[in-house]
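Both counts, for ligands and for their atoms, begin at 1 and track the order of listing. Model, not experiment: these values are computed from the prediction.
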Amino acid sequence: MRIAITGTPGVGKTTVSKVLGDKLGIKVIDITEAVKKYKLYTEKDEDMDSYVIDFEKLEKFVSEIEEKEKTIILDGHVSHLLNPDYIIVLRCNPEIIKERLEKRGYKPKKVLENVQAEILDVCLCESKGKVYEIDTTSRDVEDIVDEIVEAIKHKKERKGIVNWTEEYFDYLTLEIK
Ligand code: ADP
Ligand code: MG
């Protein structure tokens with residue numbers, strides 16, 4: 001069984017996944033880390049400082065761990081593409097994501113692309129099957145994790161709880177070469 005914790009970079013996936021994994025005693029795979037560490041990519045995009053993931057290799061890596069562990073948490077912004085049984089989509093105010101990614105040292109173009117992805121619901125739109133969406137803005141990690149535990153327990157489904165497009169429309173018209 002695969003539980004995906006997905007969402008735009010900077011939304012809080014790794015922070016939430018660690019606490020959730022500890023609470024439930026479930027192994028967490030940080031997909032972003034695994035892709036880098038085990039070279040599960042076809043090429044590195046130097047300009048954007050990101051990787052083109054080799055999904056075949058990544059799937060093999062994940063399924064081998066799943067076989068041993070039975071239940072796993074997949075932490076990453078592509079985790080919803082790895083045939084999960086249940087998907088948690090974390091959401092956060094785009095300006096908070098912007099601040100976090102700037103602090104992380106991302107290039108302006110990469111920051112903007114991710115801010116736009118959050119505004120356009122990209123991870124949510126790509127998520128198929130059982131999906132539960134949570135707005136994490138201004139919430140404690142413990143509080144978010146408690147809600148996820150309840151959602152998993154009752155296999156709750158929920159989509160369409162935030163709309164950033166009106167307040168943050170201007171970001172969608174920006175472009176950085
Ligand atoms: P992701 O894995 O989605 O890229 P991280 O878990 O690395 O995001 O979190 C990005 C930053 O936001 C970190 O500095 C983290 O401490 C902070 N953060 C995450 N969740 C929260 C939260 N609920 N409240 C405040 N800060 C948070
Ligand atoms: Mg992370």
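By the 4.0 Å heavy-atom criterion, Arg104 is counted among the residues contacting ligand 1. At a 4.0 Å cut-off, not a single heavy atom of Gly7 sits close enough to ligand 1 to count as contact.
Using a 4.0 Å cut-off to heavy atoms of Arg139, the atoms of ligand 1 that qualify are 22 (C), 23 (N), 24 (N). In summary, the atoms of ligand 1 found under 4.0 Å from a heavy atom of Ile144, numbered by their order in the structure, are 23 (N).
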key: salt bridge (Lys or Arg N to Asp or Glu O under 4.0 Å) evaluation trace for Glu113 with Lys110   = CA-CA 5 Å; Glu113 287 200 357; Lys110 193 171 175 180; over 6 Å; no

message = Determine whether Glu69 and Arg2 satisfy the following criterion, salt bridge (Lys or Arg N to Asp or Glu O under 4.0 Å), listing intermediate values before the conclusion.
response = CA-CA 10 Å; Glu69 301 284 335; Arg2 299 178 185 185; over 6 Å; no

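Counting heavy atoms closer than 4.0 Å to ligand 1, residue Arg100 contributes side-chain atoms (C-beta onward) but none from N, CA, C or O.
Using a 4.5 Å heavy-atom threshold, the side chains of Ile29 and Phe61 count as touching.
Proximity annotation for atom 19 (C) of ligand 1: of Asn114, Thr14, Thr15, Thr15 comes nearest, heavy atoms only.
The distance from the Mg ion (ligand 2) to the nearest N/O/S atom of Thr14 is under 2.8 Å.
For a threshold of 3.5 Å applied to N or O pairs, the pair formed by Gly12 and ligand 1 contains at least one separation below that value.
Residue Tyr132 forms a side-chain hydrogen bond (donor to acceptor under 3.5 Å, both in side chains) with just one option from Glu157, His154, Glu147, and that option is Glu147.
Counted within 6.0 Å of NZ on Lys23, heavy atoms from surrounding residues, nucleotides or ligands total more than 12; the atom is thus considered enclosed. In the displayed structure, Asp143 atom CG is contacted under 6.0 Å by more than 12 heavy atoms of other residues, nucleotides or ligands.
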